[in-house]
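Worksheet for the structure shown next.
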Amino acid sequence: MPKFSVVIPLYNKRNYIKATVLSVLEQTFSDFEVIVVDDESNDGSLDQIKDIKDKRLKITEQKNAGVSVARNTGIDMAVGEYIAFLDADDYWHTYYLDTINQLISKYPESDIFVTAYRIILGPKKVNFSSAVEEEYDGVLLSYWETLKNKYEFVWTSATTIRKQAIVNAGYFTPNELIGQDLDLFARVAQINKKVAYSTKRCVDYNRSAENNARVRVRIAYPKAYLSVLSQELNNPERTREEKESILLKYDKKMIAYIFTLIMSGEKTKAREVMRQWNPPSNRLKYKGMLKVASRTPDMINKWVYTLRLKIF
């Protein structure tokens with residue numbers, strides 16, 4: 001039995017999937033299996049990896065059911081104690097699994113293990129999830145306090161989770177169009193909120209990839225994730241610092257939801273959601289900006305959103 005099961009959901013990533021799979025097979029830590037779950041791609045994605053000869057690579061196909069079901073299929077197939085997630089257009093540096101293995105050895109009290117990552121915004125534009133100058137690792141006592149970070153601290157292609165913790169949390173929620181990963185990670189943290197981490201940048205998040213979820217999803221409504229955040233805002237066990245972080249994340253997701261409603265032409269719905277949303281006083285300015293956006297021509301709003309994706 002391998003220590004790690006790497007789960008890669010695949011849907012129409014012909015131009016990326018081979019490099020993604022090879023980035024796993026080239027890991028310096030070799031005790032793993034790779035499970036690619038094809039969600040009925042129609043662009044020849046599977047043809048790109050069928051000629052790879054490696055006994056650790058397993059490919060399965062399913063009728064189109066979405067990324068959550070594809071990941072759940074991979075989890076059910078997995079025999080490893082730890083599930084490492086990787087999107088079909090992202091890449092691991094050769095030392096990713098070795099870094100995660102070291103974290104597991106040092107911090108067995110955690111169920112979630114993460115590393116820092118690079119965000120590839122374009123050929124000449126790269127951002128970083130961690131800005132520290134010197135590499136170090138440790139354990140964060142609360143996942144909830146990570147939600148205030150500029151970029152997601154626990155992010156899919158840089159996250160490995162103990163399989164039993166995923167089973168206990170209830171797997172990915174099917175039929176969610178966005179935020180499926182954040183929803184699961186939060187539910188795992190409801191049971192064990194400790195996060196083992198390394199600031200070593202081990203992963204490339206290919207934000208400039210074709211068919212990226214940020215571009216593909218018209219309305220950014222992470223219903224399941226917002227539900228978990230709401231539960232935790234009312235959880236008496238959460239500290240003041242945790243709740244401040246949770247509320248900040250909730251408000252950011254609401255801003256994205258309302259703005260994408262506006263961009264999709266559903267301005268009446270956007271104004272209705274704004275009336276129900278009550279951010280703290282220091283974020284009321286964003287509500288005002290959204291009201292302005294609801295009265296701004298669609299062309300300008302789309303230009304603003306495109307610009308935002310290029311710089312963040």
Side-chain angles (χ1 to χ4, degrees), residues 4-9 66-72 74-75 78 80-87 90 92 96 99-100 103-104 107 109-117 119 129-130 138-199 202-203 205 213-214 217 220-233 235 237-238 242-243 245-250 252-253 256:
F4 295 103
S5 293
V6 183
V7 174
I8 304 176
V67 65
S68 290
V69 174
R71 287 185 178 130
N72 288 343
I75 293 165
E81 183 180 359
Y82 298 90
I83 307 295
F85 297 105
L86 181 58
D87 286 344
D90 296 329
W92 282 350
Y96 172 73
T99 302
I100 292 294
L103 290 177
I104 290 170
Y107 312 112
E109 66 270 28
S110 298
D111 289 322
I112 303 173
F113 306 87
V114 304
T115 75
Y117 54 94
I119 302 96
S129 68
S130 174
V139 171
L140 293 168
L141 297 181
S142 176
Y143 159 87
W144 306 106
E145 291 190 30
T146 73
L147 300 183
K148 62 191 174 188
N149 284 39
K150 178 180 177 181
Y151 287 103
E152 300 293 350
F153 192 89
V154 180
W155 169 75
T156 314
S157 291
T159 296
T160 296
I161 303 179
R162 199 183 307 271
K163 180 177 179 178
Q164 190 58 51
I166 296 172
V167 174
N168 294 344
Y171 289 75
F172 287 91
T173 302
N175 303 319
E176 286 289 291
L177 295 179
I178 194 167
Q180 314 94 334
D181 46 0
L182 301 179
D183 166 49
L184 173 66
F185 303 157
R187 285 187 282 112
V188 170
Q190 285 181 312
I191 302 170
N192 180 1
K193 65 181 183 178
K194 293 180 180 179
V195 178
Y197 72 102
S198 170
T199 60
C202 300
V203 182
Y205 169 22
R214 284 174 174 260
V217 177
Y221 180 41
K223 180 180 179 181
Y225 184 48
L226 286 173
S227 176
V228 175
L229 294 179
S230 295
Q231 292 171 26
E232 293 307 309
L233 284 171
N235 185 344
E237 295 183 1
R238 297 289 161 247
E242 287 175 323
K243 287 189 176 183
S245 186
I246 293 166
L247 182 58
L248 176 61
K249 176 61 71 175
Y250 184 93
K252 285 183 176 179
K253 293 302 178 184

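A distance of 11.0 Å separates CH2 of Trp92 from OG1 of Thr99, quoted to the nearest 0.5 Å. The distance from the CD1 atom of Ile8 to the CG atom of Asp87 is 9.0 Å, given to the nearest 0.5 Å. Note: Thr159 OG1 to Leu86 CG = 11.0 Å, rounded to the nearest 0.5 Å. Distance check, rounded to the nearest 0.5 Å: OG of Ser227 to CG of Asp183 gives 8.0 Å. Taking NZ of Lys249 as the reference point, atom CG of Leu226 lies at 11.0 Å (rounded to 0.5 Å). Residue Tyr117 holds its OH atom at 10.0 Å from CG of Asp90, rounded to the nearest 0.5 Å.
What you find for Arg187 and Gly170 is that their closest heavy atoms are NH1-C, 3.8 Å. The shortest non-hydrogen separation linking Gly179 to Tyr225 is O-CB, 4.1 Å. Counting all heavy atoms, side chain and backbone alike, Ile246 lies closest to Arg238 at CD1-CD, 4.3 Å. What you find for Leu184 and Tyr171 is that their closest heavy atoms are CD1-O, 3.4 Å. For the pair Thr199 and Ala116, the tightest heavy-atom approach, listed with the atom from each and the gap, is O-CB, 3.4 Å. Contact detail for Ala186 and Trp144: the closest heavy-atom pair is O-CH2, 3.5 Å.
Counting only heavy atoms from C-beta outward, the side chains of Tyr143 and Val114 never approach each other to under 4.5 Å. Looking at heavy atoms from C-beta onward, Ile161 lies out of side-chain contact with Phe113 at the 4.5 angstrom threshold. Between Lys193 and Glu145 there is no side-chain heavy-atom pair separated by less than 4.5 Å. Side chains of Leu248 and Leu147 form no contact here, defined as non-hydrogen atoms less than 4.5 Å apart. Looking at Thr173 and Gln180, their side chains never come closer than 4.5 Å, going by heavy atoms from C-beta outward. Between Gln164 and Glu81 the shortest side-chain heavy-atom distance does not fall below 4.5 Å. Counting heavy atoms from C-beta outward, Ile75 and Ile166 have side chains that approach closer than 4.5 Å.
Ring geometry, Tyr205 versus Trp155: the interplanar angle falls from 30° to 60°, so the pair is classed tilted.
For Glu237, the CD atom sits in a loose shell: 12 or fewer heavy atoms of surrounding residues, nucleotides or ligands are nearer than 6.0 Å. Dense packing is recorded around CG of Asn235, with more than 12 heavy atoms of other residues, nucleotides or ligands lying under 6.0 Å away.
Between Lys253 and Glu152 there is a salt bridge, with a side-chain nitrogen of the basic residue lying less than 4.0 Å from a carboxylate oxygen of the acidic one. Using a cutoff of 4.0 Å between basic side-chain nitrogens and carboxylate oxygens, Lys223 and Glu176 are not scored as salt-bridged.
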Test Val203 against Thr115 for side-chain contact (heavy atoms from CB on, under 4.5 Å), laying out the working first. CA-CA 8 Å; Val203 182; Thr115 75; 4.0 Å; yes
Trace of the side-chain contact (heavy atoms from CB on, under 4.5 Å) decision for Ile100 with Tyr82: CA-CA 10 Å; Ile100 292 294; Tyr82 298 90; over 6 Å; no
Begin from the C-alpha positions of Asp111 and Lys194 and carry the test side-chain contact (heavy atoms from CB on, under 4.5 Å) through to its verdict. CA-CA 7 Å; Asp111 289 322; Lys194 293 180 180 179; over 6 Å; no
Stepwise, does the side-chain contact (heavy atoms from CB on, under 4.5 Å) test hold for Phe4 with Ile104? CA-CA 11 Å; Phe4 295 103; Ile104 290 170; 3.7 Å; yes
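Aromatic pair Phe153/Tyr197: ring centres closer than 6.0 Å. The ring of Phe85 has its center closer than 6.0 angstrom to the ring center of Phe172.
Of the possible donor and acceptor atoms, none in the side chain of Lys163 sits under 3.5 Å from a partner among the backbone N and O of Gly80. With Ser245 contributing its side chain and Glu242 its backbone, the two residues share no donor-acceptor pair below 3.5 Å. Asn149 places no side-chain N or O within 3.5 Å of a backbone atom of Tyr151 that could act as its donor or acceptor partner.
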